[in-house]
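The block underneath contains the structure these notes are about, expressed in structure tokens.
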Amino acid sequence: MRKSRLSLFKSTSMMISVVGIIMIILTVIVVAYVGYSIVSSDITNDISSGTQYDELAELKAQYDNLSVKFDNVKSTYYSSGPDEVKKYNDAKIELSRAKSAIENVQSALDAGKPSNDADSRIAFAKEKLEVANNAYNNL
């Protein structure tokens with residue numbers, strides 16, 4: 001009877017030790033996986049936001065070029081009649097809308113918004129910049 005109890009105790013304690021070791025190993029694996037996911041996600045977001053900052057710089061450069069073009073023709077339209085001034089001001093409003101859209105992109109990137117949100121704002125800013133460019137071309 002003593003041997004069977006001792007044997008039972010020995011096998012039970014061995015089983016508990018093995019299960020404990022397995023649980024420790026699984027915990028380490030889960031923690032490592034979660035850590036890897038967080039790090040890889042941060043790296044992906046950093047790469048994506050880097051590209052988005054490049055696109056933002058390009059949008060700002062395009063806006064600056066278009067703004068200079070508007071400033072160059074301003075005196076011509078303001079020296080003409082009121083119809084020409086209205087036409088110029090309507091086109092200038094489109095340029096202001098493009099600037100607002102570019103500032104919206106800047107705020108999204110500064111706030112760390114998700115990549116897809118920033119991408120949609122960049123697309124909208126490009127669209128508004130194109131509208132402003134078309135308005136200038138129609139002057």
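No hydrogens, no waters, no symmetry mates; every other heavy atom, side chains included, goes into these values.
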Side chain to side chain contact (heavy atoms under 4.5 Å, CB included) partners of Thr27, counting only residues at least two apart: Val31
Side chain to side chain contact (heavy atoms under 4.5 Å, CB included) with Lys86: which residues, sequence neighbours excluded? Asp90
Rounded to the nearest 0.5 Å, what's the gap from [atom1] on [X] to [atom2] on [Y]? Could you check?
| X | Y | atom1 | atom2 | answer |
| --- | --- | --- | --- | --- |
| Ser67 | Lys92 | OG | NZ | 4.5 Å |
| Leu95 | Asn133 | CG | CG | 10.0 Å |
| Ile122 | Leu129 | CD1 | CG | 12.5 Å |

Check salt bridge (Lys or Arg N to Asp or Glu O under 4.0 Å) between [X] and all other residues, then give those that pass, not counting sequence neighbours.
| X | answer |
| --- | --- |
| Lys87 | none |
| Lys126 | Glu55 |
| Asp64 | none |

Distance-only criterion, 3.5 Å: show the donor-acceptor pairs between side-chain atoms of residues 98-107 and protein atoms not counting sequence neighbours.
residue, atom, partner, partner atom, Å
Asn104, OD1, Arg121, NH1, 2.7
Gln106, OE1, Lys60, NZ, 2.9
Gln106, NE2, Asp110, OD1, 3.0
Gln106, NE2, Asp110, OD2, 3.1
Ser107, OG, Asn104, O, 2.9

Could you list the donor-acceptor pairs under 3.5 angstrom formed by side chains in residues 9-26, with sequence neighbours left out?
residue, atom, partner, partner atom, Å
Ser11, OG, Ser7, O, 3.2
Ser11, OG, Leu8, O, 3.0
Thr12, OG1, Leu8, O, 2.7
Ser13, OG, Phe9, O, 3.1
Ser13, OG, Lys10, O, 3.0
Ser17, OG, Ser13, O, 3.0

Expected list for residues 71-82: side-chain donor-acceptor pairs under 3.5 angstrom, two or more places apart:
residue, atom, partner, partner atom, Å
Asn72, ND2, Val68, O, 3.3
Tyr77, OH, Leu139, O, 2.7
Tyr78, OH, Asn89, OD1, 2.9
Ser79, OG, Ser75, O, 3.0
Ser79, OG, Thr76, O, 2.9
Ser80, OG, Thr76, O, 3.0

Could you pull out all residues at least two apart from Tyr136 that satisfy ring pair (Phe, Tyr, Trp, His ring centres under 6.0 Å)? Phe70
With sequence neighbours excluded, residues passing ring pair (Phe, Tyr, Trp, His ring centres under 6.0 Å) with Phe124: none
Suppose clustering is done on Ile, Leu, Val, Met, Phe, Trp and Tyr with side-chain heavy atoms closer than 4.5 Å. Which residues sit in the same group as Ile93? none
Under the side-chain hydrogen bond (donor to acceptor under 3.5 Å, both in side chains) test, which residues partner Glu130, sequence neighbours left out? none
